[in-house]
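Notes follow once the structure below has been shown.
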Amino acid sequence: MTVSIPQSFVKLDPAEGWGLNNLPYGVFSTGSDDKTRPGVAVGDKILDLDALSRSSHFKDSPVPAEVFQGGNLDAFVAREPEDWAKLRAYLQKILGVDSPLKDASDLNKLLVDRASAKMHLPIRIGDYTDFYASYEHAFNCGCLIRGPDNAMQPNWKHLPVAYHGRASSVVISGTPFHRPVGQILEKPGDKQPIFAPCRRLDYELETGFIYGGSASKLGERLSPAEARKHIFGLVLLNDWSARDIQTWEYVPLGPFLSKNFCTTISPWIVQPVALEPFRAPQYDHDPELLPYLQDPEGYNYAVPLNIDIKPEGGEYDRVSVSSMQHTYYTFAQMIAHHSCTGCGIRPSDLMGSGTLSAPNDEGLGSLLERSRMGKQPFKLGKREDMTWLRDGDSVRISALVKNGDAAVNFGECEGTVLPPLKQFGQ
C-alpha cells in the first residue's frame, strides 16, 4: 500500500519511524517535576499535549482541552474513534512544515527532548487479558509437552484461548522486577512440591492492544468488524512467565502465580491507522470458524519483532526475530470472542496476543521453545549454556517496520530480572 508521508518542521529522519505517519501517544514527566502528562512522539521530541491544550494553539482542536489535562491518556482513549482520527489530522497539521507553531515563542515549552523524558504507564489499566493466539507457539509448546501427534488441544482452532491476567503488575518498560517465588517440583516426577524461587524464568514476545471508545454493555456482543473499531492502539508486551511454577499449578484452571508477578509494556501506543501500509493476510481457518468469529475483512500486520538479551554487565545479543503477523486470530476476533458471553469491556482495558513465534528456530518467541524446555542449551554471546533467564539478565523487545518511505517505530519494551526478595516462607 502506497501512502503519502506528511512532512514536519521538526527535524527528524523518516527512516527511524518517528515521523508524522506514526505519532504514537505516551505519558511522560521531565526533570524533577513528577507531574505526568500526555504527549505524542515526533522525531527526537515529544509534543506536550497538556501544555498544548493550555495554549492558544489548541483553539482549533477537535477535542476539548480537558481531555489531555488528567495526567494520562484515559480520557482520550475513551473518546470515540472519530475523535482519534480528527485529532491525528489536527496534529499532522500543526506539526507540518507550514504550521505557525514552528515560529511560536512558546515552542520550547511545547516540544520536549524525548531522551530526557521519563516515561510512565500511558493508561490506568482496568482489566488485562492475555491470549494464546499464535499457532506456531501453541504447536511448539504442545509438541514439547504432548508430542507432535497431540500437540494441539481440540478447542484451539475453534476459539481464541486466553486467561485473565493481573492489571496491578503491568509495568512500563525499564521497570525491573524480582524473580518470583512459589511452589515448584524440585525434579521431574516429584509428587511433593517445594517453596522456592523460580528456576525456569522466561519471557514471552507479544503485542498488546488497548480497547477504546465506549464501553461494551453487559450482555452486548461485538462482531469482529465492530471490535476492530475499538482498538485504540498497540504496544509491545512481555508477559514474563515462571515455567516451573506454571507446570505445577496450571492443571486444571491454567496460569495463575506463574503469570501474575510482572507484565511489561512499551511506553508508546501506536494507532492502527499508522500500520495500514503493513497489513498482512490473516490466517486461513480450517476448520471454518463459527459465524460469530468470522472476520472476512480481517488482517494481521507484518511488523518484525526483535528479542535481545543482555547479561548483567554485558551487551545485548539477538535471540530471535519474529513478526506480529504470526497470530491465528486477528485482534478483532480476540475482542469479539471476549465479548461473546456479554462480558463488559471498558476503555483502557489491555489485551495481549500471546507469544508470537515464527515458523522457524530464528523466530521463536520464548525460551521454552528456544531451549526445548531447558533440555537443549544454546550459545548466546559469551554464554555457552543459555536455557532460562538468570538474575541480572535484561530482555528487550523492539519493533521498527519500513515500507518504502513509510516507517513506524514502537520503541522498546525492556525489563531486568532482580534476585528474589527474602520474605515470609523462605
Original post:
Is atom NZ of Lys118 surrounded by more than 12 heavy atoms (other residues, nucleotides or ligands) closer than 6.0 Å?
Top reply: no

**OP:** May I ask you to decide if Ser258's main-chain N or O and Glu249's side chain share a donor-acceptor pair within less than 3.5 Å?
**Re:** yes

Original post:
Does Ser8 reach the main-chain N or O of Leu95 with its side chain, forming a donor-acceptor pair under 3.5 Å?
Top reply: yes

Original post:
Near Glu312 CD, under 6.0 Å, is it more than 12 heavy atoms from other residues, nucleotides or ligands?
Top reply: no

**OP:** Could you tell me whether Lys157 atom NZ has more than 12 heavy atoms of other residues or ligands within 6.0 Å of it?
**Re:** yes

Original post:
Hey, is CG on Asn155 packed in by over 12 heavy atoms from elsewhere, all under 6.0 Å?
Top reply: yes

Original post:
Distance-only, no hydrogens or angles: does the Asn22 side chain make a donor-acceptor pair with backbone N or O of Gly17 under 3.5 Å?
Top reply: yes

Original post:
Should the ring pair Trp84 and Phe232 be called parallel, tilted or perpendicular, given that the plane angle runs from 0 to 90° and is split at 30 and 60?
Top reply: perpendicular

**OP:** Using modelled atom types only, decide if a donor and an acceptor are shared between the side chain of Trp388 and the backbone of Cys198 within a distance under 3.5 Å.
**Re:** no

Subject >> Within 6.0 angstrom of Arg221 CZ, more than 12 heavy atoms from elsewhere >> reply: no

Original post:
With distance as the sole criterion, is a donor-acceptor pair present between the side chains of Lys93 and Ser99 under 3.5 Å?
Top reply: no

Subject >> Phe58 and Tyr90 aromatic ring geometry - parallel, tilted or perpendicular at 30°/60° bounds >> reply: perpendicular

Original post:
Would the number of heavy atoms belonging to other residues, nucleotides or ligands and lying under 6.0 Å from CZ of Arg200 be above 12?
Top reply: no

Original post:
Pick one: which of Leu205, Val401, Val321 meets side-chain contact (heavy atoms from CB on, under 4.5 Å) with Leu305?
Top reply: Leu205

Subject >> Of all pairs that satisfy salt bridge (Lys or Arg N to Asp or Glu O under 4.0 Å), the ones with a partner from residues 6-24, not counting sequence neighbours >> reply: none

**OP:** Output the distance between atom CZ (Phe28) and atom CD1 (Ile46), rounded to the nearest 0.5 Å.
**Re:** 5.0 Å

**OP:** Please find out if less than 6.0 Å separates the ring center of Tyr283 from that of Tyr135.
**Re:** no

Original post:
Minimum heavy-atom separation for Leu364 to Ser320, with atom names?
Top reply: O-OG, 2.9 Å

Subject >> Heavy atoms of other groups near Arg166 CZ, more than 12 under 6.0 Å >> reply: no

Original post:
Distance-only, no hydrogens or angles: does the Ser173 side chain make a donor-acceptor pair with backbone N or O of Pro267 under 3.5 Å?
Top reply: no

Original post:
Which pair of non-hydrogen atoms, one from Leu367 and one from Met386, has the smallest distance, and what is that distance?
Top reply: CD1-CE, 3.9 Å

**OP:** State which residues pass ring pair (Phe, Tyr, Trp, His ring centres under 6.0 Å) with His164; sequence neighbours excluded, sorted by chain then number.
**Re:** His338

Original post:
For Ser357, which of His326, Glu136, Arg370, Glu369 qualifies under side chain to side chain donor-acceptor pair (under 3.5 Å)?
Top reply: Glu369

Subject >> Side-chain heavy atoms of Pro122 within contact of Trp268, under 4.5 Å >> reply: no

Original post:
So, do Gln333 and Phe131 sit near enough that their side-chain heavy atoms are less than 4.5 Å apart?
Top reply: no

Subject >> No-hydrogen, no-angle side-chain donor-acceptor test under 3.5 Å, Asp239 and Tyr163 >> reply: yes

**OP:** Applying ring-ring contact (aromatic ring centres under 6.0 Å, His included), run through Trp240 and Phe261 and close with a yes or a no.
**Re:** CA-CA 8 Å; Trp240 307 88; Phe261 57 94; 8.0 Å; no

Original post:
Between Ser53 and Gln69, does any side-chain donor sit less than 3.5 Å from a side-chain acceptor?
Top reply: yes

**OP:** Please answer whether the main-chain N or O of Thr327 pairs with a side-chain N or O of Asn300 as donor and acceptor at a distance below 3.5 Å.
**Re:** yes

Original post:
Between Glu276 and Arg279, is a salt bridge (charged side-chain N to carboxylate O under 4.0 Å, His left out) present by the stated rule, with each step listed?
Top reply: CA-CA 6 Å; Glu276 286 293 300; Arg279 283 192 187 186; 2.8 Å; yes

**OP:** Look at the side chain of Arg228 and the backbone N and O of Ser223, then say whether any donor-acceptor pair between them is shorter than 3.5 Å.
**Re:** no

Original post:
Looking only at heavy atoms, what is the nearest atom pair of Cys262 and Val171, with distance?
Top reply: SG-CG2, 3.7 Å

Original post:
Are the side chain of Gln92 and the backbone of Leu20 linked by a donor-acceptor contact shorter than 3.5 Å?
Top reply: yes

Subject >> Under 3.5 Å: donor-acceptor pair, side chain of Asp113, backbone of Ala115 >> reply: no

**OP:** Identify the two heavy atoms, one from Val67 and one from Ala75, that lie closest to each other, and give their separation to 0.1 Å.
**Re:** O-CB, 3.6 Å

**OP:** Taking only Lys NZ, Arg NE, NH1 and NH2, and the carboxylate oxygens of Asp or Glu, determine whether Arg243 and Glu204 approach each other closer than 4.0 Å.
**Re:** yes

Original post:
Above 12 or not: heavy atoms from other molecules or residues under 6.0 Å from CZ of Arg124?
Top reply: no

Subject >> Check: Asn21 side chain, Pro6 main-chain N or O, donor-acceptor pair, under 3.5 Å >> reply: no

Subject >> Summary of ring-ring contact (aromatic ring centres under 6.0 Å, His included) pairs that have at least one residue in residues 300-324, sequence neighbours excluded >> reply: Tyr299-Tyr301

